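In what follows, chains are A, B, ... by sequence order, proteins preceding strands, each numbered from 1. Below, each value reflects all heavy atoms present in this structure, side chains not excepted, and no hydrogens, waters or symmetry copies. Remember, it's a predicted structure, so these values are computed and weren't measured experimentally.
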Amino acid sequence: MQGRRLSRKFFVRSTLAVARELLGKVLVRKIGPTSPRLRRARQKIIRVMIIETEAYCGPRDLASHASQGPAWPAGRRTKRTEIMFGPPGLAYVYLIYGMYYCLNIVTEAEGYPAAVLIRAVSVKRLGHNKNSNSHNSLNAKPYTLNASLNGPGKLCRFLKIDKALNGEDMIKSSRLWIEDGEKLKPAQIGRAKRIGVDYAGSYKHKLWRFFIRSKS
DNA sequence: CGCGGGATTGACT
DNA sequence: GTCAATCCCGCGT
């Protein structure tokens, strides 16, 4: 049940297009020891579907970590934001408020600081047999945490994503990548202002958050 | 070196 | 709606 991994080309495009098209795609996290001896027994793979994203569109975007730097308009290039200037497809992971991590994927041409924040995901499938309403009710709900994956900090905690994955190349990584997923119709996609960027002047009004409308 | 603040979350009034 | 937790980063000194 695995899809085709997204190539680097997918990310070398307008950040808004990438943010929109990441909706419905499958974020994959492989967790476990890298030592070959322990790998087989203890590795596990988690697949979740991306349902909400935000675009951070380069050096002029006052909401972006890479904006407003001394080198404007080239962008604020610091130790922290360096990854955003790197090749598209890299993971940009940062610590926020001292306690949560946020996962972004770098977009556009190398040297241009832009990225898409993954704001929410849903569990794509259960980690075991779907029809488990029989005898084994304990195993029936490992991923009922569906609702708790709405938020960038929460999904990183669930997927065990932290600073160690900052700079991970999601095109080649064996720990974190993205696969093809659902093809969405335009009507399924919603747009809104980004969250938590009131400091961003006129850029706080941009409708650069994208989400899958819940079915009603 | 010190200080202010944050692409959040959960608890609480 | 308000607020605090918690710590790294960016910048001024």
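The side-chain ring of Y56(A) is stacked on the base of dA7(B), judged by centre separation under 5.5 angstrom and plane angle under 30 degrees. A distance cut-off of 5.5 Å between ring centres, combined with a plane angle under 30°, places Y97(A) in a stacking arrangement with the base of dT8(B).
Closest contact between the side chain of M99(A) and the listed nucleotides dA7(B), dT6(C), dG10(C) involves dT6(C). With distances taken from any side-chain atom of Y94(A) to the nucleotides dA7(B), dG10(B), dG10(C), the minimum falls on dA7(B).
A side chain to side chain contact (heavy atoms under 4.5 Å, CB included) with I118(A) is found for one member of L103(A), V48(A), I51(A) and no other, namely L103(A).
Rounded to whole Å, atom P of dT9(B) lies 8 Å from atom CZ of R157(A). As a whole-Å value, the separation of K79(A) NZ from dC11(C) P is 14 Å. In this structure, the CG atom of N150(A) is 8 Å from the P atom of dG10(B), given to the nearest Å. Rounding to whole angstrom units, CZ of residue R80(A) and C1' of dA7(B) are separated by 9 Å. In this structure, R77(A) places its CZ atom 15 Å from P of dC11(C), rounding to the nearest Å. Summarising the geometry, the separation between CG on L95(A) and P on dT9(B) is reported as 13 Å, rounded to the nearest angstrom. dT9(B) atom P lies 6 Å from atom CZ of R119(A), rounded to whole Å. The separation between D162(A) atom CG and dC7(C) atom P is 14 Å, rounded to whole Å.
The side chain of K163(A) contributes an N or O atom lying less than 4.0 Å from OP1 or OP2 of dC9(C). Contact check, Y199(A) against dA7(B): a side-chain N or O comes under 4.0 Å of OP1 or OP2. Here R76(A) reaches the OP1 or OP2 of dC11(C): one of its side-chain N or O atoms lies under 4.0 Å away.
K204(A) comes within contact range of no nucleotide atom at all, as no heavy-atom separation falls under 4.0 Å. Nucleic acid contact for R194(A): none, since no nucleic acid atom lies under 4.0 Å from a heavy atom of the residue. Base contact: L117(A) has a heavy atom under 4.0 Å from a base atom.
Nearest heavy atom pair, residue K163(A) against residue V93(A), reads CE-O, 3.7 Å.
Nearest-nucleotide positions on DNA chain C place I96(A) closer to the 5' end than the other of I96(A) and T78(A).
Nucleotide dG4(B) forms a Watson-Crick or G-U wobble pair with dC9(C), both donor-acceptor distances falling under 3.5 Å.
A centroid separation of 6.0 Å or more is found between the aromatic rings of Y56(A) and H65(A).
Note on R13(A) versus E108(A): no salt bridge recorded, every NZ/NE/NH1/NH2 to OD/OE distance being 4.0 Å or above.
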Does R4(A) form a salt bridge (Lys or Arg N to Asp or Glu O under 4.0 Å) with E179(A)? I'd like the steps, not just the answer. CA-CA 5 Å; R4(A) 197 183 69 233; E179(A) 295 173 356; over 6 Å; no
